[in-house]
Q: 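The structure follows.
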Number of protein chains: 2
Amino acid sequence: MKILIVEDDKDLREIISASLEKERYVVSLAPDYRTGIQKIEDYDYDCILLDIMLPDGNGLDLLQELHDLGKKTSVIILSAKDSLEDKVQGLDLGADDYLPKPFHLAELHARIKSLLRRNQREGERKLQFGNIEVFPDHFKVMVEGKEVDLNRKEYDILYYFMSRPGRLVNKNTLAESVWGDHIDQVDNFDFIYAQIKNLRKRLKDAGATPELKSVYGFGYKFVVE
Amino acid sequence: MKILIVEDDKDLREIISASLEKERYVVSLAPDYRTGIQKIEDYDYDCILLDIMLPDGNGLDLLQELHDLGKKTSVIILSAKDSLEDKVQGLDLGADDYLPKPFHLAELHARIKSLLRRNQREGERKLQFGNIEVFPDHFKVMVEGKEVDLNRKEYDILYYFMSRPGRLVNKNTLAESVWGDHIDQVDNFDFIYAQIKNLRKRLKDAGATPELKSVYGFGYKFVVE
DNA sequence: CTTCAACTATTAAAATCTTCATGGTCTCAG
DNA sequence: CTGAGACCATGAAGATTTTAATAGTTGAAG
């Protein structure tokens, strides 16, 4: 497990570095923005600890750069400025966690561990309900071992219900979750009806056991009889 | 400004309450999940301070409930368990901030203030570049005071560039930001070319001064000559 | 200055998604 | 039990978005 520490405070850098090496991580160090960028371009890290305020630039730009390079490395932001703005912006730009200084090393270790564990599992996730399996990392749906072809919206809806089997789902919530923020308070749900209809047909044709039950005046519920 | 505190620890509840009242907030209290839900259903709050571990339920469920009720109230999670899982899940479920216990009252106040300020401004936001104005709260675009009609994807792309005027935008980044996570590493950008072409025509027809320049081998840049 | 390959633009066709019109279903009041 | 009104389902038309086919550009190598 390789970790890059981008941090200008020499003492802090060394302390973190030493503590991580003791845990058998492979650690790289960058004292400033420029060095950080360069290392990121040249190597692949499993995790980056990123200070926001660097002598020659802003850590958030580095985050953007990372994103533009298409790298999916996990990032934990370390910042003295515990401002909500920074935090929100950081998480927005794809940081995975935010740790305000000062922090305990134990805390940092815990977060790194949790993050890496989470990444590990990526690529082998699977949702299952009745005889339906959904593999979110490949946007693939299988019923009884046979692949089922769905359109994007159908997939999104199915995925949403697979994540909440048996649970009552309000139409407004569904709309917001699947269609996004453009939907505010809509006055008609025709677009939902249409997609639900298509999805039901797909599932029935594929022989799926779970069914999308309507709940009058409220929404839907995904259940297996 | 009305604030609801859902927290089972009586002492903490009273301390927070007192400190907020001193700042002239109107404060409501709920010692448990059940009471919390009920108050949320009955009243509209500007902000909710939510403990995760309650005697009769999990605060995260309350968050979900809030969402299902279609309420957009800002929520700050207060939790003793400073686990990344809880935090991520909480922010996922729409919490606006997360404050691990113990915390300073000053910190809490700062976050509340920042949150309320953010909400306040909602509804009057505007992006401007060249002679184009975008009103994100109404999905409305104006050029020289005249409204321009765009399709959703066209709007999304324009919005993206309006937020980053003059900045070089990589096609992969654009794809991921506008089309979402379904796009991973695509091998052809035909869908972008098609939409860019349409958006350019719309802007030109409307007489907009900024232009979408292609940058060979990389992406686009939104500039005014 | 050519030439070539990679990249971008353009148009039309295909696929997908939303809207519309219509008819069936559910709930509640009487 | 019945009727009225709200709610949901359905098929088809309409709009939007993506894909495919083709043509035009750009930048690098010779």
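Chain letters run A, B, ... following the sequence lines, proteins first and then strands; every chain starts at 1.
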Q: Quick one: Q195(A) CD to dT10(D) C1', roughly how many Å, whole number?
A: 14 Å
Q: Have a look at the helix from dC1(C)-dG30(D) to dG30(C)-dC1(D) and give the angle its two end axes make, five pairs each, rounded to 10 degrees.
A: 30°
Q: Using the test side-chain contact (heavy atoms from CB on, under 4.5 Å), find all partners of F135(B) that sit at least two apart in sequence or belong to another chain.
A: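 For F135(B), the residues satisfying side-chain contact (heavy atoms from CB on, under 4.5 Å) (neighbours in sequence not counted) are K126(B), E133(B), H138(B), K140(B), M142(B).
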Q: What parts of residues 205-215 of chain A reach DNA chain D, counting only heavy atoms under 4.0 Å away?
A: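 Nucleic-acid contacts, sorted: S214(A), V215(A).
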Q: Using atom CD1 of I192(B) as one end and atom C1' of dT17(D) as the other, report the distance to the nearest whole Å.
A: 13 Å
Q: So W179(A) and K153(A), do their side chains get closer than 4.5 Å, heavy atoms only?
A: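 Heavy-atom side-chain distance check passes, below 4.5 Å.
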Q: Report yes if some heavy atom in the side chain of E211(B) is under 4.5 Å from a heavy atom in the side chain of V224(B); otherwise report no.
A: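 E211(B) does not reach V224(B) side chain to side chain.
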Q: Of all nucleotides in DNA chain C with an atom under 4.0 Å from a non-hydrogen atom of chain B, which is the first and which the last going 5' to 3'?
A: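 Listed 5' to 3', the contact boundaries are dA6(C) to dT11(C).
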Q: Sequence neighbours excluded, which residues qualify as side-chain contact (heavy atoms from CB on, under 4.5 Å) partners of K171(B)?
A: F189(B), I192(B), Y193(B), Y220(B)
Q: Do other residues, nucleotides or ligands put more than 12 heavy atoms under 6.0 Å from N188(A) CG?
A: yes
Q: With a non-hydrogen cut-off below 4.0 angstrom, is K171(B) in contact with a base, only sugar-phosphate, or nothing?
A: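 Sugar-phosphate only.
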Q: Measure the distance from NZ on K204(A) to P on dA9(D) and round it to the nearest whole Å.
A: 14 Å
Q: Taking salt bridge (Lys or Arg N to Asp or Glu O under 4.0 Å) as the test, write out the residues that go with K201(A), two or more places apart.
A: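 Salt bridge (Lys or Arg N to Asp or Glu O under 4.0 Å) check on K201(A) returns D205(A).
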Q: What's the CG-C1' distance between N188(B) and dT19(D), to the nearest Å?
A: 8 Å
Q: Could you pull out all residues at least two apart from N151(B) that satisfy side-chain contact (heavy atoms from CB on, under 4.5 Å)?
A: E154(B), R202(B)
Q: Is the shortest heavy-atom distance from the side chain of L199(A) to the side chain of L212(A) under 4.5 Å?
A: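 In contact.
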Q: Write out a two-atom table: protein N or O, nucleotide N or O from nucleotides 21-30 of chain D, distance below 3.5 Å.
A:
{"from": "dT26(D)", "atom 1": "O2", "to": "Y216(B)", "atom 2": "OH", "distance (Å)": "3.1"}

Q: Could you tell me whether the side chain of V134(B) reaches within less than 4.5 Å of the side chain of Y155(B), counting heavy atoms only?
A: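 A side-chain contact under 4.5 Å exists here.
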Q: How about V223(B) and P210(B): do any of their side-chain heavy atoms sit closer than 4.5 Å?
A: no
Q: Rounded to whole angstroms, how far apart are NZ on K197(A) and C1' on dA9(D)?
A: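 Those two atoms, NZ and C1', are 8 Å apart.
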Q: On DNA chain D, does the nearest nucleotide to A194(B) precede the nearest nucleotide to Y193(A) from the 5' side, or the other way round? Give the residue.
A: Y193(A)
Q: Taking CZ from R200(A) and P from dC8(D), how many angstroms apart are they, rounded to a whole number?
A: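 The answer, rounded to whole Å, is 10 Å.
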Q: For F191(A) and dT10(D), what is the distance between atoms CZ and C1' respectively, to the nearest whole Å?
A: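 Taking atom C1' of dT10(D) as the reference, CZ of F191(A) is at 17 Å.
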Q: Taking C-beta and beyond as the side chain, do T35(B) and I37(B) meet within less than 4.5 Å on heavy atoms?
A: no
Q: Measuring only between side-chain heavy atoms, which start at C-beta, is I77(A) closer than 4.5 Å to L63(A)?
A: yes
Q: Shorter than 3.5 Å, N or O on both sides, protein versus nucleotides 14-16 of chain D: list them out with atom names.
A:
{"from": "dT16(D)", "atom 1": "OP1", "to": "N151(B)", "atom 2": "OD1", "distance (Å)": "3.1"}

Q: Going by salt bridge (Lys or Arg N to Asp or Glu O under 4.0 Å), name the residues that satisfy it together with K213(B), two or more places apart in sequence or in a different chain.
A: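 In terms of salt bridge (Lys or Arg N to Asp or Glu O under 4.0 Å), with neighbours along the sequence ignored, K213(B) is linked to E225(B).
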Q: Cut-off 3.5 Å, side chains only: do T173(B) and R164(B) have a donor facing an acceptor?
A: no
Q: What residues, two or more places apart in sequence or in another chain, satisfy side-chain contact (heavy atoms from CB on, under 4.5 Å) together with S163(A)?
A: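 side-chain contact (heavy atoms from CB on, under 4.5 Å) list for S163(A), sorted by chain: L127(A), Y159(A).
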Q: Checking F129(B) now: which residues fulfil ring pair (Phe, Tyr, Trp, His ring centres under 6.0 Å) with it, not counting sequence neighbours?
A: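 Only F222(B) meet the ring pair (Phe, Tyr, Trp, His ring centres under 6.0 Å) criterion with F129(B).
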Q: On the nucleotide dT17(D), are OP1 or OP2 found under 4.0 Å from the side-chain N or O atoms that W179(B) carries?
A: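 Looking at the OP1 and OP2 atoms of dT17(D), neither is under 4.0 Å from any side-chain N or O of W179(B).
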